[in-house]
Amino acid sequence: GRTPRAAAPAARVRARTGHPPPHWVDAWPVAHGARAHAPSVGLHGAEWPDRAYCCDFFFVTSDLAPRVRALEVLADTAASDHQPVVIELA
């Protein structure tokens, strides 16, 4: 039988390496628990969006997740319509 299209990339990784593909984890809850993501766009008077919200993320593989020590949005800079997001790994 054929492999479903959505599973095809994972099957190719497993066929090439003998291992499953890495599992990706959002680093924000690793660093901040249940605290809502900090806004990363719309903070400094841009014409869009009509409100500040988060649309910039760091994802790490599950084996790196225990090494996440900090993840911060640098909200003070107005150099772009998006705020820099900085991650610290141990």
Side-chain angles (χ1 to χ4, degrees):
R2 292 185 54 175
T3 303
R5 185 173 177 91
R12 285 194 304 268
V13 169
R14 185 181 292 275
R16 276 187 256 150
T17 67
H19 302 284
H23 176 75
W24 292 97
V25 176
D26 180 358
W28 185 269
V30 173
H32 297 283
R35 189 174 118 201
H37 282 74
S40 63
V41 69
L43 296 177
H44 295 285
E47 292 181 18
W48 74 273
D50 59 349
R51 63 181 173 76
Y53 64 94
C54 179
C55 68
D56 300 283
F57 301 88
F58 259 109
F59 286 88
V60 296
T61 55
S62 55
D63 61 324
L64 281 179
R67 296 182 55 198
V68 173
R69 293 294 173 256
L71 181 63
E72 298 301 325
V73 175
L74 304 181
D76 292 338
T77 182
S80 173
D81 56 342
H82 290 258
Q83 305 311 118
V85 182
V86 180
I87 191 168
E88 179 184 334
L89 302 174

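Residue numbers start at 1 and run along the sequence shown. When reading the values below, keep in mind they use all heavy atoms of this one structure, side chains included, and skip hydrogens, waters and symmetry mates.
- The side-chain contact (heavy atoms from CB on, under 4.5 Å) check on S80 picks up H82, with sequence neighbours excluded.
- Side chain to side chain, H37 and D56 fail the donor-acceptor criterion of an N or O pair below 3.5 Å.
- Nearest heavy-atom pair, V60 versus L64, reported as atom, atom and distance to 0.1 Å: CB-CB, 4.1 Å.
- In plain terms, the two heavy atoms of D81 and V41 that are nearest each other are O-CG2, 3.1 Å.
- The other residues sharing a hydrophobic cluster with L74 are V86, where clustering joins ILVMFWY side chains under 4.5 Å apart.
- Between the side chain of S40 and the backbone N or O of Q83, no donor-acceptor pair lies under 3.5 Å.
- Following chains of ILVMFWY side-chain contacts shorter than 4.5 Å, one can reach L89 starting from V73, so the two form part of one hydrophobic cluster.
- Taking every heavy atom of both residues into account, P84 and T77 meet most closely at CD-CG2, 3.2 Å.
- Membership of the apolar cluster around F59 extends to W24, F57, as traced through chained side-chain contacts below 4.5 Å between ILVMFWY residues.
- For R14, the side-chain contact (heavy atoms from CB on, under 4.5 Å) partners two or more places apart in sequence, or in a different chain, are P20.
- Among residues two or more places apart in sequence or in another chain, the side-chain contact (heavy atoms from CB on, under 4.5 Å) test is passed with A52 by P39, L43.
- For D76, the side chain to side chain donor-acceptor pair (under 3.5 Å) test picks out no residue, with sequence neighbours left out.
- A pairwise comparison of heavy atoms in G42 and P49 identifies CA-CD, 3.7 Å as the closest pair.
- With sequence neighbours left out, S62 forms a side-chain contact (heavy atoms from CB on, under 4.5 Å) with H23, V25.
- For R35, the side chain to side chain donor-acceptor pair (under 3.5 Å) test picks out H32, with sequence neighbours left out.
- Looking at every heavy atom in both residues, A78 comes nearest to H44 through CB-CG, 3.8 Å.
- With sequence neighbours excluded, the residues forming a side chain to side chain donor-acceptor pair (under 3.5 Å) with T61 are D63, listed by chain and number.
- The distance from atom CD of E72 to atom CZ of F58, rounded to the nearest 0.5 Å, is 12.0 Å.
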